[in-house]
Amino acid sequence: LPEPAQRYLRFMGVLGRQRDWSFRARFKGRFRMRTGQPWMPFDAWQYNTSDPVTRVIDMRVDVAGIVPMFGTDSYVAGRGRMHGKVLGLVTVVDGKCREFDLGELVTYVDDAALLAPSMLLTPRAEWHAVDDESFDVTFADHDNSVSARLFVDSAGRLTDFRTTDRWYAEERSLVRTPWSTPIGGWTTDAARPLPTGGAAVWQFPDRDFPYVRGTFVPSSVEFNVPHSP
């Protein structure tokens with residue numbers, strides 16, 4: 001593997017440990033849909049598994065801090081979907097097409113990079129050298145293939161994840177837009193390193209648009225566990 005990737009895997013404690021096949025985690029923070037909108041409380045549980053490649057997130061966003069919107073973000077059997085209902089009754093978003101297949105798969109790669117990088121040590125993934133501070137990962141599943149660039153510091157800590165394999169939902173269309181998840185920091189207080197905070201950012205030509213800010217709840221993160229209803 002490229003030297004920066006080796007540095008990253010050493011920091012994440014991958015060496016000498018069996019590869020992870022699943023994880024479950026809770027993410028809490030703030031969310032907004034458009035620039036200029038106020039931030040809304042955001043709470044999500046997710047479960048990822050490597051065989052088959054699966055990602056399911058159940059989330060709640062309190063619109064205006066009052067009205068709950070419940071959503072599901074998923075990648076199952078090679079297909080991605082984003083679905084949301086206000087009050088659990090009125091559908092406000094239901095996205096499923098080729099763009100969502102790729103977008104959800106590359107987000108699966110991002111999740112693994114943040115929490116369980118050994119899930120990327122598979123024939124599905126190819127690791128490519130770039131320079132002393134970054135490397136690329138290409139990941140394939142079913143008829144989908146996505147790529148991302150991972151940036152690490154001198155200690156091997158992941159500092160950013162960037163891809164062009166996601167699409168921003170404008171009012172009437174999906175637009176391929178660079179996307180990144182810069183990491184605010186890392187803690188080594190738990191059994192393995194965990195991000196202490198981060199964001200999800202759309203990189204528009206004229207500006208960056210952070211639309212999620214938050215952190216994984218350390219006590220919620222579990223590895224190699226079956227999915228619970």
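Quick note: residue numbers are just sequence positions, from 1.
For Ala44, the side chain to side chain contact (heavy atoms under 4.5 Å, CB included) partners at least two apart in sequence or on another chain are Phe42, Ile57, Met59. Evaluation of the side chain to side chain donor-acceptor pair (under 3.5 Å) rule for Glu133 yields no partner, not counting sequence neighbours. Listed by chain and residue number, Val106, Val146, Ser147, Thr163, Arg176 satisfy the side chain to side chain contact (heavy atoms under 4.5 Å, CB included) test with Asp165 (two or more places apart in sequence, or in another chain). With sequence neighbours excluded, the residues that form a side chain to side chain contact (heavy atoms under 4.5 Å, CB included) with Asp206 are Phe204.
Two residues are said to be in side-chain contact when any heavy atoms from C-beta on lie closer than 4.5 Å; Phe135 and Val152 meet this criterion. Contact annotation: the side chain of Arg166 approaches that of Trp202 to within less than 4.5 Å [non-hydrogen atoms, C-beta and beyond].
With 3.5 Å as the limit, one finds no donor-acceptor pair spanning the side chains of Arg24 and Asn48. Looking at Asp131 and Ser134, their side chains do bring a donor and an acceptor atom within 3.5 Å of each other. Asp153 and Thr159 form no side-chain donor-acceptor contact under 3.5 Å, judged by distance and modelled atom types alone.
Phe151 belongs to no multi-residue hydrophobic cluster, having no ILVMFWY side-chain contact under 4.5 Å with any other such residue.
When each of His128, Arg149, Arg162 is paired with Asp136, the side chain to side chain donor-acceptor pair (under 3.5 Å) condition holds for Arg149 and for no other.
Not less than 6.0 angstrom separates the ring centroid of Phe31 from the ring centroid of Trp39. The six-membered or imidazole ring of Tyr75 lies away from that of Tyr108, with a centre-to-centre distance of 6.0 Å or more. Between Tyr168 and Trp179, the gap from one ring centroid to the other reaches at least 6.0 Å.
Sorted by first and then second residue, the side chain to side chain donor-acceptor pair (under 3.5 Å) pairs with a member in residues 6-18 read Glu3-Arg7; sequence neighbours excluded.
More than 12 heavy atoms of other shown residues, nucleotides or ligands fall within 6.0 angstrom of atom CG in Asn224.
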